[in-house]
Every structure is written in C-alpha cells, then in structure tokens.
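By convention in this document, chain letters (A, B, ...) are assigned in the order of the sequence lines, proteins followed by strands, and residues within each chain are numbered from 1.
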Amino acid sequence: MVPRVNSSLTMFICKRLFLNLQMEELKMDYKKQIAQSIVKALDDKLEEQAVYEKIEVPKTVNLGDYAFPIFILAKTLHKAPQMIAKDLVDQINQTNYEKVEAAGPYVNFFLDKNTFSDEVLQTVLTQNSHYGDATVGNNGKVPIDMSSPNIAKPISMGHLRSTVIGNSLANLLTKTGYQPVKINHLGDWGTQFGKLIEAYKLWGSEEEVKADPINKLLEYYVRFHKEDKDHPELDDEARKWFKKLEDGDDEAIQLWQWFRSVSLQSFKRIYDKLGITFDSYKGEAFYNDKMDEVVQILEDKKLLKESQGAEIVDLDKYNLNPALIKKTDGATLYITRDLAAAIYRKRTYDFVQSLYVVGAEQINHFKQLKAVLKEMGFDWSDDIHHIPFGLITLNGKKLSTRSGRVVLLDKVLDDAIDLAKQQIQSKNPDLKNADQVAHEVGVGAVIFHDLKNERMNSFDFDLNEVVRFEGETGPYVQYTRARAESILRKADHKVTVADLKLSDPNAWETLKFLQAFPETVLRAVREYEPSIIAKYALHLAKSFNQYYANSKVLVKDDQLNSRLALVQSVSIVLEIALNLLGVQAPSEM
RNA sequence: GGACCGGUAGCUCAGCUGGAUAGAGCAUCCGCCUUCUAAGCGGACGGUCGUGAGUUCGAAUCUCACCCGGUUCACCA
C-alpha cells in the first residue's frame, strides 16, 4: 500500500533549507535540476535563483516530489495560473522525470524512482558512517560551555538539558567540520564554600563524605541553612572560612580541593552512564586570578562608572540594564568571571564561535556579557552565542534544591535502565547482552526525550513520560534500527553496491528521507537545534516501519539486493542520527 | 512597567523568512503475531491554529493591538 501522505517530509525538504545552503554544494540537488528545467522551458524569463527559491515540497505524494507554484508568472503573463501551468508542462523536457503534470496553479514534478533510489542508496552505502559529513566548519574551534553543575550539589534533571544539548551540538559540529571543545564550567567557587567548610568542621566526618560524597556534603549544607537561622554567628564563621579560602589558607584550600575532587568523581560516574566526556573541567575557580585584568581593561577603556557605590558598565545604548562589575564591597560578580572566561577562551582556542548552553533564565546575562565585550573592543563578541533552553519544572514549579523539589538525574537514569531491563525480559528474554542493551535503551530514552522537542520549550517532569518506550521515543528509533539489522542478519546475502534501482512505492518516502539527511544535519547545526535530528530520526524510522510492514524484504527476486541496500542504508543513517544525539544504537533489542 | 519566551486535537508537541484538504505521538475505541523481533503496523474519534484588525491572489506562518502563562530586569550564580 502506498503511504497516504508524506507531509512530514515537507519540513525537511522545505525551500528555506536550500536557500541558505548555497555555499554548501549538496550532492543530489534535485531541486536545482528542476529549477533548471523550468528556466529552460521559460526561455529564461525568470532567474534560476528565483525559481529555485519558489520550488516547494507538496504535502501529499500524489502531488509529486517537488512543485512549482506559478503565481509569480501570473502577474507578468496576464494569464490564468491554470493555463500557464499547462503551457509550462508542455514546454518542459520530461525525459529525466517519471512525469511532470499541471495541477491547478502548480506544476508537479515526479522524480524517476529508479534513478533516484540508485543514486541515494549508492551514496549512503559508499559513504557509510560519513554520510552527511560536511566541511562548513573549516576546522574552526568551538568551545561549548555546558553541563556546569555546582560542586557539592547533586546533578538534577535541570543539568541534563545543558549536558545533553551541549554534547549533541558538539557531535553535530564535529560532523560538519568544526572542532568543538566541551567545557564543563563547574560551579566550584563562591561564598557557599565558606558555609560548606564550616558545616563540615562542625558536623562532618571524612568517612561519611568518602562513602557518599554528594549526599553528605549536601546534607551538611542544608543543615547549615537550617541552623544559621537561630545561630547567625554561623554566617560569620562561614564568611571567615571563605576569606581564608580566598587568601590561600592551607586547610581551607585542602578541604575545597577535596570537596571538589570527590564531587567530580561522583559527577563522572553519571557522565559515564550518559556516555559523555569533557575536554575541560576548568570551572569558576580557574578564573580567580584572571579577573583583575578584566577590571583593568575596563578601567583603561574608561568603561567603569561608579553608581550607588558599585562599579558598573553602562549598557544604555544596548537597551540593557547596567552590568555590575564590582559590588560595593569591592568583590567581583558573576559577569566579571564570565568576561575573564570569554577572553581566556578566545586566547586559548582562537574560536570561530563560542557557545554557552545555559538556561533561558540567563538570556539577559549573556546579552550583557556580549555587550560588555563589544564595549571593550572585542569584535569577536559577535561569535559568542548563548544557546538557551526552557525550564524543567516539577508539578509546575521550578526545581529547587533548598525546597526539596529535586529530580535526581542518577535516579532517573537507573529507573530507566531498570524499566528497559523489564521490557527485555518480557519481550526478548533470550537476548544475549541484556544488561548492556538495557543500559543503552534506558539511557537512550532519557536523552532522546530531552532532545526531541525544541530547546526553548519548557516541560514539566513526568517520569512516565521520560522513560516511555513506545511512540515517538528513542527506543522506537533504536528498535527500528535493530529490526533492520535483524533483517540483514537473516538475509544470507551481502549487499553489493551496484545497480540499486528500487521502484517499490512503499519505499519511496524512506528513500526521500535518506536523501534529505545531509541537509538536515546542516540545518540542525545552523540552528543549534538537536531536536531537528531527533525528529528526522523519528520520521525516517516511521517511514521504514511502514515500508517493511507492507513490503517483504527477504524474497529472492531481482530487487532483493536493492531492498537490502535500503535496509542497510536506513540502519546506517539511523545509527548516525542516534549517535549525533548521544544515543547508542544496539543491533539487537 | 520594560525586555524575552510560549499559547495549534483531551494531553505532549510538529508545521512558522506565506502557498494546494492544518499533521504526529499519547490517551480512548476497533483491527493485525502459521510471513523478516507486536518496543511494531493499520483504522476510528478528535482542531473557531489565544483574540481582533491589517498586508496579500493566498496567513497557523508576516504586521499591529490586546488577552493568558512563564522567565528576567543592580550588589546570587
């Protein structure tokens, strides 16, 4: 049966994609071919570029693969659109197409399925895991500020977003020829360490912390906040400790380093679960000795102003509130540290772009950061991009460690892995490496859930939603690929890359999705939007599921090799797509 | 109050630099495991695209105003 509609294709092969991709020579640019056909038929009455931009993808398969709406011609030709369409069809050389027909005010182009499938499948199979690679990045370095949990606090679902989006962007950047540098900008400095040291000195023990670092440290910290209400002298002690820390007192530094390293160890266990690594763990503390220079530059450039006892940079001309550089007491602030970090990264990496995957709450902060850098005369501030994302809430309220509204990432991952294991036990009890697969599927479900929707959408946390394995989920995509692999295992035939014509209409939508992958990757990286890849993977999986539900692959006839080539191509592209998201692709599940 | 983000099916969301009858998933109901793993496939049900104007041959998509929800706006990060 022919799939009824292919509307989902529209979003991936829409014209704006091509518009912005002139630089990037796409292989298999059928749209260009069509534009040329039209221009030729019109005796150059229109520019090829103008035609190219108007070509669109129809909503349903019965309207063809590409369409040219002829409204723009109606004005100049003073004829009814329907008539123009008919005339145009007569003029077009149709030899390269299955057919070209007029439908109302549109000219619809149907590509030749044999030629198309042959070209697409050969390309995917020969390029294999490199299918979709691009060179737009020119090896430019792109530091990505991501994850950035606070020392001595647990990693929550909130951190997952930054971690997983940043990781996927890094993968996408690598694929398109950039060199990403994943930086975990740890929250490892601040007055809270004074409190933590004081709390530890009062109630803590080395054994406790060693046994369960994050929870114990958090416990001390929370207790501190409880008790300091009745004992305000605790705050004085904490302040003293932080001062000692700043002054390099041995004991303070040692404790701080210890807290930092045990925290990092437990963070790394979670990152291991997620399969995510970093290139740098330089956190806030790293910039302690780099802020004086920032203040110095600001002073030299006469940008600092005194206001209400504090030092500010006026950002009126950017329509922003002033950036507070120094507090009344002379201490520096968040933005000062970020200025130092931005400058450090420029010097260290000479980046072509510098990304910050940080929640949307900080949009204003990053606008200020860029504006101040601009004022300082650094024109590379234009290369800094804040990649904001929406808030995760719990029962509609913001997550907050203090109020106990936390969703621990580690717990969510473990729950997901357990559920995946249960699924395997009931659906595929003979699976060999079941634990490994349960891990890949469980974690994959969580990551995919976070990436499948547009970054900026907020969502309310719901465990059942996050660890769902059916419908539009990571496991659905993984399952589809596992099924494809299964067919290949049973095939008893090695696919040869030659003559891959496939005329089966059931395969048509899948073939077109395969063809659209490279431009989809470029769009995702251009928009810093991993969800574009996630949605692509879902659509490709869906179309392939429909294909093999309706067409038998393992039949010995003259198109067997072509069908297996399709199956293998789907498997290849689904694996690439999942990996771009940071999700594993098991061959069996 | 200013700035920003969002408002599309009961729920979660696609579609948004304008184009042909507005699409998925979940939920509910009904089919399909003697044929390549049913984590699948098919079907039914379900929509004044927040509201009102405007631009246009054509608006969910662009403009303006308004309504609702969220975030943020000087000494936290």
Side-chain angles (χ1 to χ4, degrees), chain A residues 1 4-5 7-8 10-11 14-16 19-20 54 56 58-60 63 67 69 71 74-75 81 103-106 108 148 150 187 189-192 284 307-312 319-329 331-335 337-338 358-365 367-368 388 390-391 393 396 398 420 423-424 426-428 430-431 441 445 452-454 456-460 462 464-465 468-480 482-491 531 535 538-539 541-542 545-546 548-555 567 588-589:
Chain A
M1 207 175 73
R4 197 166 53 80
V5 291
S7 62
S8 46
T10 312
M11 78 182 80
C14 54
K15 68 177 164 219
R16 64 199 179 96
L19 257 174
N20 298 312
K54 279 286 171 190
E56 57 190 68
K59 281 184 176 172
T60 58
L63 297 173
F71 301 102
K75 284 173 196 151
Y106 291 86
N108 295 333
S148 313
N150 293 318
W189 200 253
T191 50
Q192 73 270 24
E284 292 170 3
S307 169
Q308 300 169 33
E311 305 267 359
I312 64 153
N319 196 20
L320 290 168
N321 52 311
L324 249 189
I325 301 296
K326 271 189 171 180
K327 302 203 277 190
T328 323
D329 66 4
T332 55
L333 284 124
Y334 184 47
I335 194 162
R337 205 171 284 273
D338 263 356
V358 179
E361 314 91 89
Q362 296 196 30
I363 285 176
N364 193 59
H365 166 73
K367 280 186 181 164
Q368 287 186 318
L391 218 58
T393 53
K398 213 172 157 173
Q423 289 280 309
I424 290 168
S426 71
K427 290 174 192 289
N428 195 356
D430 300 330
L431 187 63
V441 171
K452 79 173 172 186
N453 287 328
E454 218 171 294
M456 280 304 292
N457 291 351
S458 303
F459 70 88
D460 201 64
D462 177 354
N464 294 324
E465 198 59 45
R468 170 161 268 139
F469 299 143
E470 288 149 21
E472 295 175 326
T473 64
Y476 172 85
V477 179
Q478 289 173 319
Y479 178 75
T480 306
R483 288 294 302 271
E485 284 295 304
S486 171
I487 292 173
L488 292 170
R489 276 194 302 274
K490 295 211 163 148
S531 69
K535 272 168 201 135
L538 285 170
H539 286 119
K542 173 100 181 155
N545 278 322
Q546 288 170 332
Y548 81 79
N550 293 299
S551 290
K552 177 90 179 156
V553 175
L554 297 177
V555 180
V567 175
E588 263 182 275
M589 63 185 273

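Remark: Q362(A) is not in phosphate contact with U72(B), judged by side-chain N or O atoms under 4.0 Å from OP1 or OP2. A close approach under 4.0 Å does not occur between any side-chain nitrogen or oxygen of K452(A) and OP1 or OP2 of A14(B). For K552(A) and U35(B), the shortest distance from a side-chain N or O to OP1 or OP2 is not below 4.0 Å. Side-chain nitrogen and oxygen atoms of Y476(A) include at least one within less than 4.0 Å of the OP1 or OP2 phosphate oxygen of C41(B). Listed pair R468(A) / A39(B) fails the phosphate criterion, with no side-chain N or O lying under 4.0 Å from OP1 or OP2. Contact annotation: K398(A) side-chain N/O to U72(B) OP1/OP2 distance is under 4.0 Å. When the side-chain nitrogen and oxygen atoms of K490(A) are compared with OP1 and OP2 of C36(B), none of them lie within a distance under 4.0 Å. Using a 4.0 Å cut-off, some side-chain N or O of Y479(A) falls inside it from OP1 or OP2 of A39(B).
For U63(B), the paired nucleotide is A53(B), the pair qualifying as Watson-Crick or G-U wobble because both relevant distances are below 3.5 Å. Judged by Watson-Crick or G-U wobble contacts below 3.5 Å, the nucleotide U72(B) has G2(B) as its partner. The partner of A9(B) cannot be assigned: no Watson-Crick or G-U wobble pair with both contacts below 3.5 Å exists in any strand. Figure legend. G18(B) is base-paired to no nucleotide; pairs are counted as Watson-Crick or G-U wobble with both atom distances under 3.5 Å. Shown here, G42(B) forms a base pair with C30(B); the pair counts as Watson-Crick or G-U wobble because both key distances fall under 3.5 Å. Across all strands shown, nothing is found opposite G47(B) as a Watson-Crick or G-U wobble partner with both distances under 3.5 Å.
Rounded to whole angstrom, the span from the CE atom of M456(A) across to the C1' atom of U72(B) amounts to 11 Å. A straight line from NE2 of H365(A) to P of C4(B) spans 19 Å, rounded to a whole angstrom. A straight line from OH of Y548(A) to P of C41(B) spans 8 Å, rounded to a whole angstrom. Rounding to whole angstrom units, CZ of residue F469(A) and C1' of A38(B) are separated by 16 Å. Distance CD (E588(A)) to C1' (A39(B)): 14 Å, rounded to an integer number of Å. Between the P atom of C76(B) and the NZ atom of K326(A) lies a distance of 16 Å, rounded to the nearest Å. Residue F71(A) contributes atom CZ, which lies 9 Å from atom P of A20(B) at whole-angstrom precision. For the pair K535(A) NZ and C13(B) C1', the interatomic distance rounds to 8 Å; values are reported in whole Å.
The separation of A20(B) from A39(B), taken at their C1' atoms, amounts to 37 Å, rounded to a whole angstrom. Of the C1' atoms belonging to C67(B) and G31(B), the separation is 45 Å, rounded to the nearest Å. Using atom P as the reference point in both C62(B) and A77(B), the two lie 38 Å apart (nearest Å). For the C1' atom pair drawn from U71(B) and C30(B), the interatomic distance equals 45 Å after rounding to whole Å. Separation of the P atoms belonging to A14(B) and G6(B) is 10 Å when rounded to the nearest angstrom. Distance noted for atom C1' between A9(B) and G23(B): 10 Å (whole Å). To the nearest whole angstrom, the two C1' atoms, one in U55(B) and one in U12(B), are 34 Å apart. U48(B) and U37(B): their P atoms are spaced 43 Å apart (whole Å).
Within 4.0 Å (heavy atoms only), I312(A) reaches at least one base atom of the nucleic acid. When heavy atoms are screened at a 4.0 angstrom cut-off, A420(A) is found touching no nucleic acid atom at all. Across all strands, A482(A) comes closer than 4.0 Å to base atoms (heavy-atom distances). Backbone-only engagement by L333(A) is indicated by non-hydrogen atom pairs under 4.0 Å involving sugar-phosphate atoms exclusively. Residue-level contact check: Q192(A) touches neither bases nor backbone, having no heavy atom under 4.0 Å from any strand. Residue contacts for S551(A): at a heavy-atom cut-off of 4.0 Å it reaches a base atom on one of the strands shown. Here S486(A) lies in heavy-atom contact (under 4.0 Å) with a base. Among the atoms of the strands shown, none is found under 4.0 Å from any heavy atom of T191(A). Using a 4.0 Å heavy-atom cutoff across all strands shown, L320(A) reaches no nucleic acid atom at all.
With a 4.5 Å cut-off on side-chain heavy atoms, W189(A) and R337(A) count as touching. Looking at heavy atoms from C-beta onward, K542(A) lies out of side-chain contact with L538(A) at the 4.5 angstrom threshold. Looking at L333(A) and K327(A), their side chains come closer than 4.5 Å, going by heavy atoms from C-beta outward. Looking at heavy atoms from C-beta onward, M589(A) lies in side-chain contact with V441(A) at the 4.5 angstrom threshold.
Side-chain atoms of T60(A) lie closest to U21(B) of the nucleotides A74(B), U21(B), C41(B). Of the candidates A14(B), A20(B), C41(B), the closest approach to any side-chain atom of N108(A) belongs to A20(B). Residue K542(A) places its side chain closer to G42(B) than to any other of G42(B), U12(B), A38(B). Set against A77(B), C36(B), A74(B), the side chain of Y334(A) has A77(B) as its closest nucleotide. For N453(A), whose side chain is taken as the heavy atoms from C-beta onward, the closest listed nucleotide among A74(B), G40(B), A14(B) is A14(B). Closest approach to the P58(A) side chain among A74(B), A20(B), A24(B) is made by A20(B) (side chain taken as heavy atoms from C-beta onward). Listed nucleotides A39(B), C75(B), A3(B) differ in distance to V441(A); the shortest reach to its side chain belongs to A39(B). Closest contact between the side chain of L391(A) and the listed nucleotides A24(B), A77(B), U71(B) involves U71(B). For A103(A), counting side-chain heavy atoms from C-beta on, the closest listed nucleotide (A38(B), A20(B), U71(B)) is A20(B). Side-chain atoms of E284(A) lie closest to A77(B) of the nucleotides G6(B), A38(B), A77(B).
For E361(A) and N545(A), each mapped to the nucleotide of RNA chain B holding its nearest heavy atom, the one lying further toward the 5' end belongs to N545(A).
Pairing each heavy atom of S458(A) with each of G390(A), the nearest pair is OG-CA, 3.9 Å. Taking each heavy atom of K452(A) and K535(A) in turn, the nearest pair found is O-CE, 3.3 Å.
No hydrogens or angles were tested; on distance alone, nothing pairs the side chain of N457(A) with the base of A14(B) as donor and acceptor under 3.5 Å. Side-chain atoms of T328(A) and base atoms of C75(B) include a donor and an acceptor less than 3.5 Å apart.
No side-chain donor from either of N453(A) and S531(A) sits under 3.5 Å from a side-chain acceptor of the other.
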For this session: Check the pair N545(A) / Y476(A) against side-chain hydrogen bond (donor to acceptor under 3.5 Å, both in side chains), numbers first and verdict last.
Result: CA-CA 10 Å; N545(A) 278 322; Y476(A) 172 85; 3.0 Å; yes

